[in-house]
Structure formats: C-alpha cells, structure tokens
Amino acid sequence: FYSDNGPTTNDVPCAPLNGGKNSTYEAGERVPAFMVWNGHITPASEYQHPIYLGDVFDTILDVAGVNKPKSHDSDGMSLLPVFSGEKLSPREFIWYFPDTRLHWAQRANAAIYDESYGMKYIMFFNGDSDELYDIHNDVAETENIIEQHPEISKKLRNRLVEFLNKYYPKMPPPPEEYQPIIEKRLREVY
C-alpha cells in the first residue's frame, strides 16, 4: 500500500515538510508505504530509505523469477534484499512537474535527489533561482544551501539537465510562457 504523492495542503497539514500534493518538495514526494508478505517480510520491520513505484514492478518480476524485458527502460530495483534486512545501494531520483499550481506551493520544475549526498536540487522553469537542500539534515527544506555547495549543485544540475535532454521531447511540456526558459537552460552545461 502506498500513496501516489503528498496530500492536498488545504485538506491535510504537511508540517514539518515543505510543499504538498503536486510538489517536488518533500511533502509532495515523501509518502508512506507498507508491504505485507507472510514468511518473507518481518512484521513491524522498517526501511528508512527511499524507494519508488518502479521498484514494485521489479520486485514482482524478481519474486516470479522473470527477467526484466530488455525493452523495459526502468531504473527500478527489486526490494527482495530489503525484505531480508539489506539496504539498497544509494540511488538517484528525478521528478519532473511541468505545471504551476501555486495553491499547493508548486512551481513548474524538475528536481533530482542523490541519496549518496543526501541533497536535492530543484530547477525552476519560470526563471526563479534554483534551490539545493540537505535532505538528510533538513527534511523540512528550510535552508536553501545552493551557495554553500557550488560543486554539488553543479554536479546535480548537470545530471538533471542530462536526464531532461534525453526525455524532455517525449514529456508533457511546461506552460508555453516557460518553454523558452527551460529550453535555454537545457542547452547550458556548467
């Protein structure tokens, strides 16, 4: 059982997390999940690291003994090691939300979280300044530390731009007024 994304902020308070539904801030992407599998998952055990929906597909294939189809382009991972108490390798997560919904604190953007750094970089499509947060130590995203970590910011931004350049032509576009901004930004590599 899991949720697709965070709650609507007018229905459920998200504090101490920033943002909410349709947001790439933590309240929009950090949602609870639980799994039950008698004899395989220890009851009441917890895994305090991120997973995502694609992992469910890869886990089901692994349980069934089926190899992932070569045509299936996914960065999902099987959760079977987690069920036996192991931790997955540090991962990178990317979100793309091309719409602006200010009533839920969402501005059109893309974000990348690198678990090995514990940092999340957010690139806004409307011309607002980008942001960097230390999720391991500031889960509420209260302090934008982009100026304090220029090298990490540069690495994460470049990886995000690389991803967007690969998939942007196939994704829903941002609002028309933002398209020139994001398309210019996708040509910039630092």
Side-chain angles (χ1 to χ4, degrees), residues 1-99 101 104-106 109-122 132-142 152 156 159-160 162-164 166-167 170-172:
F1 176 86
Y2 56 88
S3 174
D4 65 338
N5 55 30
T8 56
T9 53
N10 51 324
D11 296 324
V12 178
C14 299
L17 302 179
N18 192 10
K21 186 175 190 71
N22 297 316
S23 168
T24 58
Y25 288 118
E26 286 300 289
E29 27 183 78
R30 181 180 289 257
V31 295
F34 66 86
M35 299 180 183
V36 177
W37 188 14
N38 291 334
H40 297 277
I41 300 174
T42 304
S45 60
E46 292 185 18
Y47 185 67
Q48 296 293 328
H49 303 277
I51 62 170
Y52 91 110
L53 180 60
D55 296 340
V56 175
F57 178 76
D58 285 44
T59 303
I60 291 169
L61 289 177
D62 197 10
V63 168
V66 175
N67 291 326
K68 192 182 326 187
K70 291 182 194 274
S71 63
H72 182 70
D73 182 18
S74 166
D75 53 0
M77 299 174 82
S78 172
L79 298 174
L80 282 184
V82 172
F83 300 162
S84 60
E86 297 176 36
K87 181 180 180 275
L88 298 176
S89 300
R91 306 168 70 177
E92 191 173 86
F93 295 86
I94 295 177
W95 298 271
Y96 173 78
F97 195 85
D99 203 3
R101 297 179 184 171
W104 284 327
Q106 174 60 32
N109 74 77
I112 182 171
Y113 169 69
D114 186 312
E115 190 178 11
S116 60
Y117 292 126
M119 303 278 190
K120 183 198 306 180
Y121 182 94
I122 304 173
L132 180 73
Y133 295 99
D134 179 351
I135 300 303
H136 288 179
N137 297 303
D138 180 20
V139 71
E141 297 165 308
T142 59
I152 292 174
L156 292 178
R159 290 208 311 264
L160 181 58
E162 181 182 331
F163 174 88
L164 290 173
K166 182 176 180 181
Y167 294 104
K170 299 174 188 173
M171 295 191 286

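Quick caveat, the model's predicted, so the values are computed rather than measured.
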Participant: For residues I122 and A111, report the shortest heavy-atom separation together with the two atoms involved.
Facilitator: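 Result for this residue pair: CG1-CB, 4.0 Å.
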Participant: Go through it in stages, so that I can follow the logic: the residues are D62 and D58, the test is side-chain contact (heavy atoms from CB on, under 4.5 Å), and I'd like the CA-CA distance, side-chain angles, deciding distance and then a yes or no.
Facilitator: CA-CA 6 Å; D62 197 10; D58 285 44; over 6 Å; no
Participant: Can you find a pair of side-chain heavy atoms, one from S23 and one from N18, that are under 4.5 Å apart?
Facilitator: no
Participant: Using 0.5 Å steps for rounding, measure from the CZ atom of F97 to the CE atom of M171.
Facilitator: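 The distance works out to 13.0 Å.
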Participant: Tell me, which pairs form a side chain to side chain donor-acceptor pair (under 3.5 Å) where one or both residues lie in residues 31-43, sequence neighbours left out?
Facilitator: none
Participant: Please give me the minimum heavy-atom distance between M119 and D134, naming the atom from each residue.
Facilitator: SD-CA, 3.7 Å
Participant: For G19 and A27, work out which heavy atoms get closest and say how close.
Facilitator: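 Residues G19 and A27, closest heavy atoms: O-CB, 3.3 Å.
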Participant: How long is the span from the CG atom in L79 to the CG atom in L88, to the nearest 0.5 Å?
Facilitator: 6.0 Å
Participant: Return the CZ to CD distance between F163 and E92, rounded to the nearest 0.5 Å.
Facilitator: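 Going from the CZ atom of F163 to the CD atom of E92 covers 9.5 Å.
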Participant: Do L160 and Y121 make a side-chain contact, defined as non-hydrogen atoms from C-beta onward lying under 4.5 Å apart?
Facilitator: yes
Participant: So, Y96 side chain and P172 main chain: donor-acceptor pair closer than 3.5 Å or not?
Facilitator: yes
Participant: Say you draw a straight line from OG1 of T142 to CG of L17; how long is it, rounded to the nearest 0.5 Å?
Facilitator: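 Nearest 0.5 Å value for the OG1-CG distance: 11.5 Å.
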Participant: Measuring from N109:CG to Y25:OH, what's the distance to the nearest 0.5 Å?
Facilitator: 7.5 Å
Participant: To the nearest 0.5 Å, what is the distance between NZ (K87) and CD (Q48)?
Facilitator: 12.0 Å
Participant: Give the ring-plane orientation class for W95 versus Y113, where under 30° counts as parallel, over 60° as perpendicular and anything between as tilted.
Facilitator: tilted
Participant: Shortest non-hydrogen contact from L164 to A110?
Facilitator: CD1-CB, 3.9 Å
Participant: Among pairs that include at least one residue of residues 37-57, which meet salt bridge (Lys or Arg N to Asp or Glu O under 4.0 Å), considering only residues two or more places apart or in two chains?
Facilitator: D55-R91
Participant: Looking at every heavy atom in both E115 and P50, which two are closest together, and how far apart are they?
Facilitator: OE2-CD, 3.3 Å
Participant: Is there any side chain to side chain donor-acceptor pair (under 3.5 Å) pair reaching into residues 26-35, and which pairs are they, with sequence neighbours excluded?
Facilitator: E26-R30, E26-K120, E29-K120
